[in-house]
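Predicted, not measured: the structure shown is a model, and the values here were computed from it. Just follow the structure's listing: the first ligand is 1, and inside any ligand the first atom is 1. Basis for what follows: all heavy atoms, side chains included, without hydrogens, waters or symmetry-related copies.
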Amino acid sequence: MAIAALPRFRTQAFIDGRFIDAASGETFETENPATGEVIARVAAGGVEDIDRAVKAARRAFDDGRWSNQSPAERKRTLLRLADLVEANAEELATLDSLEAGKPISDNRGGDLPESVRTIRWFAEAADKVFDAVAPTGPDALGLIVREPVGVVGAVVPWNFPLLMAIWKIAPALAAGNTMVVKPSRLTSLSAIRLAELAAEAGLPQGVLNVVPGPGGTAGQALGRHMDVDKVTFTGSTEVGRQFLNYAAESNLKEVTLELGGKSPQLVLADARDLDLDVVAERVLFAAFMNQGQNCSCGSRLIVDRSVQEALVERLVEHLPEWIVGDPLQPDTKIGPMIERPHLDKVMGYIERGRAEGARVVVGGERVLEESGGHFVAPTIFDDATNSMTIAREEIFGPVLTTIPFDSEDDAIRLANETSYGLAASVYTKDLDTAFRVARALRVGVVGVNNYSEGDVFTPFGGFKQSGFGGRDKGLEALEQYTEKKTIWVTLG
Ligand code: NAP
Ligand code: MG
C-alpha cells in the first residue's frame with residue numbers, strides 16, 4: 001500500500017471513548033527508523049492523563065457495563081473487534097512497519113493474522129471456561145468462582161507493537177476487566193488505532209483506554225497508581241524490576257512480567273543426520289527474525305564441535321536470503337534497529353565481541369547508512385565462549401553467537417548458564433535425547449527441531465529473570481486476569 005493511501009494518523013490519547021490531547025498539551029515525535037524521518041507528533045500522556053484514564057476505567061468497571069455482561073455478549077463484541085482488525089490489517093501492518101521498521105511481510109504474514117487469531121481465541125474462551133465446585137459433604141456447597149481483577153494497566157514494548165498489546169488486551173477483556181494501555185513511545189500508532197476499532201466494535205466507553213507517553217512518566221504513573229488492580233508488562237528485565245518496586249511502594253497491585261532472554265539453540269552431534277540446510281534456515285530465523293529484536297531470539301548457537309564447521313558453512317550459504325532493506329518492500333527480511341541509540345548499543349556489542357576474542361564470520365557492520373536508517377548487517381560470531389559479553393547479555397539485534405561444546409552434559413550446562421530462561425531450541429535426530437534435553441532446560445518454551453513460541457493456546461513466558469507472575473497466551477493468560485473467590489454456603 002502506498003503511504004499516501006493511509007488515513008490520517010490518530011495521534012491523541014483515547015480516554016473514556018474519545019480522542020483527547022494530553023492534559024499538558026505536549027506532544028512528542030515518532031520517527032521512521034528506516035529513514036530517520038519524523039512520521040507524526042503524538043500526545044505526550046503523563047501523570048494526569050493516566051489518572052484520567054484510570055478513573056474512566058474504574059467507572060466502567062464498577063458500573064458493570066462490561067464486567068456484568070454475559071460472557072457470550074463479551075464474546076460477540078470481541079469477535080467483531082477481530083473482524084475489524086482483519087478488515088484493517090493492511091493499515092495496521094503498515095503502521096507497525098513505518099514506526100517500528102518491521103518488515104511488512106512479517107506483519108502481513110505474522111503479527112496481523114496472529115493478532116486476529118488471539119482475539120478470536122480468547123473471545124471464544126470467554127463462554128467456555130467453567131468455575132469449580134469444592135468437594136464438600138452434604139451440609140455445604142463450596143463454590144470457587146473467578147471474577148475479573150478490575151482495572152488492568154498494560155505497558156507494552158515496541159518490537160511487536162500491536163501483537164504485544166493484543167496478547168494483553170484479548171484475555172483481559174475476555175475476562176471482563178477494563179484497561180489502560182501504555183504503548184512504547186516509539187510505537188504508539190497501532191495501539192491508538194486499535195482503541196478506535198474497539199469502540200467501533202461496540203466495546204462500551206471507558207473499557208479500553210490507550211494513553212501514549214514516555215515510560216518514565218506515563219508508564220511509571222500506571223505502575224504506581226493506587227486504583228490499578230493489576231499491571232501486565234512486556235519489556236526489559238530492568239524496567240520489569242521497577243514495576244515490582246512500584247507495586248510494593250503503592251497498592252500491592254498484581255504484577256505480571258514478560259522480560260528479556262538469551263535463548264540457546266542446541267545443535268547436538270546427531271543433528272548431522274537431519275537436513276542441515278533446514279536446520280540452518282531455522283537457526284537463522286530464530287536469530288534474525290524481527291532483526292533479532294525479539295525477546296525469545298535464539299541468540300546463542302550451542303553446537304557440537306563435530307557439526308560446527310558444516311553448520312556454520314550452511315548458515316553463511318543461507319544468509320543472503322536475509323535481505324536487509326526498506327521494511328515496506330515485500331522481499332525485505334531485515335529492517336532497521338528501532339532507534340539510533342539502540343543501533344549504537346548493538347554496534348557496541350559487536351565491537352565487544354571482537355575485542356573479547358570471538359571471530360566475526362560474516363556481517364559486523366552498519367549498512368545502508370545513506371538511507372538515514374539504523375541498519376545493521378546480520379552478524380554471525382564463531383568460536384565464542386559462554387562467558388563473553390555477547391553470550392551473556394541480551395543484544396536485541398541481528399547477532400548470532402556460536403559456542404561449541406563436546407558433550408550433551410556440557411551443552412545443557414552452557415544453555416542453562418544464564419540469568420534468563422525464556423526459550424530454547426534443540427536439534428537432534430533422536431526422540432529420547434530431545435525429551436531428555438527439553439526437560440533439562442530451565443526455560444518456558446522449548447522447540448524441538450524448530451524455533452517456536454508455541455501457539456495462542458499454549459502459555460508463553462519465562463523462568464528466572466525472563467519473567468514473573470504469570471504467562472501470556474493460553475488459558476493461563478485468561479486465568480491471570482481473574483481473582484478467585486470462594487463462596488461457602490451452609491445447607492440447612
Ligand atoms: P523497555 O524499555 O523495558 O520498555 C517497555 C515498556 O516500558 C515501554 O512501553 C516503555 O515506554 C516502558 N517503560 C520504560 N521505562 C519505564 C519506566 N521507568 N517505568 C515504567 N515504564 C517504563 O523495553 P523495550 O526497550 O521497549 O523492549 C525491549 C525489551 O522487551 C527487551 O528486553 C525484550 O526482551 C523484551 N521483550 C520481552 C517479551 C516477552 O514476552 N518476554 C516480548 C517482547 C519484548 P517507552 O518506550 O515509552 O520508554
Ligand atoms: Mg526502552
Side-chain angles (χ1 to χ4, degrees), residues 28-31 33 42-47 50 99-100 102 111 114 153-168 180-188 191 210-225 228 231-247 249-250 255-263 289-299 337-339 341-343 345-346 393-397 418-423 443-445 453-454 459-474 477:
F28 61 89
E29 288 177 349
T30 175
E31 177 205 276
V42 178
V47 177
I50 289 290
E99 236 189 343
K102 289 171 64 71
D111 297 41
E114 200 191 321
V155 177
V156 292
W158 44 261
N159 57 346
F160 297 82
L162 182 73
L163 184 61
M164 290 303 105
I166 284 177
W167 277 15
K168 316 288 192 191
V180 177
V181 177
K182 207 288 299 168
S184 163
R185 106 202 101 82
L186 300 168
T187 54
S188 318
V210 173
V211 181
T217 51
Q220 176 163 191
L222 201 51
R224 290 187 181 280
H225 202 289
V228 169
V231 161
T232 171
F233 169 83
T234 294
S236 61
T237 297
E238 186 194 352
V239 175
R241 221 180 270 286
Q242 286 306 309
F243 277 92
L244 292 175
N245 286 328
Y246 300 157
E249 290 164 10
S250 59
V255 177
T256 300
L257 307 173
E258 299 291 352
L259 308 171
K262 194 70 199 175
S263 297
M289 192 263 282
N290 210 33
Q291 301 76 253
Q293 298 175 146
N294 177 7
C295 52
S296 57
C297 170
S299 52
M337 300 289 92
I338 184 70
E339 58 173 348
H342 189 55
L343 167 72
K345 187 176 146 199
V346 172
E393 294 184 18
E394 182 177 49
I395 299 175
F396 231 54
T418 165
S419 57
Y420 294 111
L422 191 51
V443 301
V445 54
E453 292 184 359
F460 177 77
F463 287 25
K464 300 199 271 184
Q465 292 182 38
S466 287
F468 179 92
R471 293 287 185 264
D472 282 322
K473 306 200 294 183

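- Looking at Leu259 against ligand 1, only its backbone comes within 4.0 Å, counting heavy atoms.
- For a threshold of 3.5 Å applied to N or O pairs, the pair formed by Gly235 and ligand 1 contains at least one separation below that value.
- Less than 4.0 angstrom separates some heavy atom of Pro183 from each of these atoms of ligand 1: 9 (O).
- Ranked by closest heavy atom to atom 47 (O) of ligand 1, the top entry among Glu339, Arg224, Arg185, Lys262 is Arg185.
- Between Gly219 and ligand 1, no N or O atom pair is found at a separation short of 3.5 Å.
- Within the 4.0 Å heavy-atom shell around ligand 1 one does not find Gly223.
- The 12-atom threshold is exceeded at CD of Glu249, counting heavy atoms of other residues, nucleotides or ligands nearer than 6.0 Å.
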(request) Walk me through it: do Thr418 and Lys464 pass the test side chain to side chain donor-acceptor pair (under 3.5 Å)? (result) CA-CA 9 Å; Thr418 165; Lys464 300 199 271 184; 5.7 Å; no

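- Of all atoms in ligand 1, listed by their number and element, those nearer than 4.0 Å to a heavy atom of Asn159 are 43 (C), 44 (C).
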(message) Please determine whether ring pair (Phe, Tyr, Trp, His ring centres under 6.0 Å) holds for the pair Phe160 and Trp167, giving the CA-CA distance in whole Å, both sets of side-chain angles, and the decisive distance to 0.1 Å.
(response) CA-CA 10 Å; Phe160 297 82; Trp167 277 15; 7.8 Å; no

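- For ligand 1, the polar-atom distance check finds no N/O of Cys295 at less than 3.5 Å from any of the ligand's N/O atoms.
- Summarising the geometry, atom CD belonging to Glu238 is positioned 11.0 Å from atom CD belonging to Glu394; distances are rounded to the nearest 0.5 Å.
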(request) Could you walk me through whether Glu453 and Ser296 pass side chain to side chain donor-acceptor pair (under 3.5 Å), step by step? (result) CA-CA 8 Å; Glu453 292 184 359; Ser296 57; 2.3 Å; yes

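- Of the possible polar contacts, one joining the Thr237 side chain to the Gln465 backbone as a donor-acceptor pair under 3.5 Å is found.
- At distances below 3.5 Å, at least one donor-acceptor pair connects side-chain atoms of Ser466 with backbone N or O atoms of Gly260.
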(message) Walk me through whether Val42 and Phe28 qualify under side-chain contact (heavy atoms from CB on, under 4.5 Å).
(response) CA-CA 5 Å; Val42 178; Phe28 61 89; 3.8 Å; yes

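- In terms of modelled atom types and a separation under 3.5 Å, the side chain of Glu339 and the main chain of Leu186 share no donor-acceptor contact.
- Remark: ligand 1 and Thr237 share no N or O pair separated by less than 3.5 Å (distance only, no angle test).
- Contact check for Lys102 versus Pro161: side-chain heavy atoms found under the 4.5 Å cut-off.
- Without hydrogens or angle criteria, Glu114 side chain to Leu163 main chain gives no donor-acceptor distance under 3.5 Å.
- Within the listing of ligand 1, atoms 17 (C), 18 (N), 19 (N), 20 (C) sit less than 4.0 angstrom from a heavy atom of Tyr246.
- Here is the list of ligand 1 atoms found below 4.0 Å of a heavy atom in Gly213: 47 (O).
- At least one N or O atom of Lys182 sits closer than 3.5 Å to an N or O atom of ligand 1.
- At a 4.0 Å heavy-atom cut-off, ligand 1 touches Leu422 through the side chain alone.
- Residue Trp167 places every heavy atom at 4.0 Å or more from ligand 1.
- When only interatomic distances are considered, the shortest N/O to N/O separation between Val155 and ligand 1 does not fall below 3.5 Å.
- Of all atoms in ligand 1, numbered sequentially from 1 with element shown, those under 4.0 Å from a heavy atom of Phe243 are 20 (C), 21 (N).
- Minimum heavy-atom separation, Gln293 to Phe396: CG-O, 3.2 Å.
- Checking Phe460, Phe396, Tyr420 against atom 33 (C) of ligand 1, the nearest heavy atom belongs to Phe396.
- Between Ser236 and ligand 1, a contact under 3.5 Å exists for at least one N or O pair.
- Counting the atoms of ligand 1 from 1 in the order shown, those under 4.0 Å from a heavy atom of Thr234 are 5 (C), 36 (N), 37 (C), 38 (C), 39 (C), 40 (O), 42 (C), 43 (C), 44 (C).
- Residue Val239 touches ligand 1 through its side chain alone, judged by heavy-atom distances below 4.0 Å.
- Scanning all heavy atoms of the two residues, the minimum distance from Leu222 to Lys182 falls at CD2-CB, 4.2 Å.
- Neither the backbone nor the side chain of Ala218 comes within 4.0 Å of ligand 1, counting heavy atoms alone.
- Near Pro214, the atoms of ligand 1 lying under 4.0 angstrom from a non-hydrogen atom of the residue are 47 (O).
- With a 4.0 Å cut-off on non-hydrogen atoms, Phe160 does not touch ligand 1 at all.
- Atom 34 (O) of ligand 1 has its nearest heavy-atom neighbour, among His342, Gln242, Glu258, Glu394, in Glu394.
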(request) Starting from the C-alpha separation in whole Å, work towards a yes-or-no answer on side chain to side chain donor-acceptor pair (under 3.5 Å) for Glu99 and Thr30. (result) CA-CA 7 Å; Glu99 236 189 343; Thr30 175; 2.7 Å; yes

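- Of the heavy atoms in Ser184, both backbone and side-chain atoms come closer than 4.0 Å to ligand 1.
- In this structure, Gly461 does not count as a contact residue of ligand 1, since none of its heavy atoms falls inside 4.0 Å of the ligand.
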(request) Walk me through it: do Asn159 and Asn290 pass the test side-chain contact (heavy atoms from CB on, under 4.5 Å)? (result) CA-CA 8 Å; Asn159 57 346; Asn290 210 33; 3.8 Å; yes

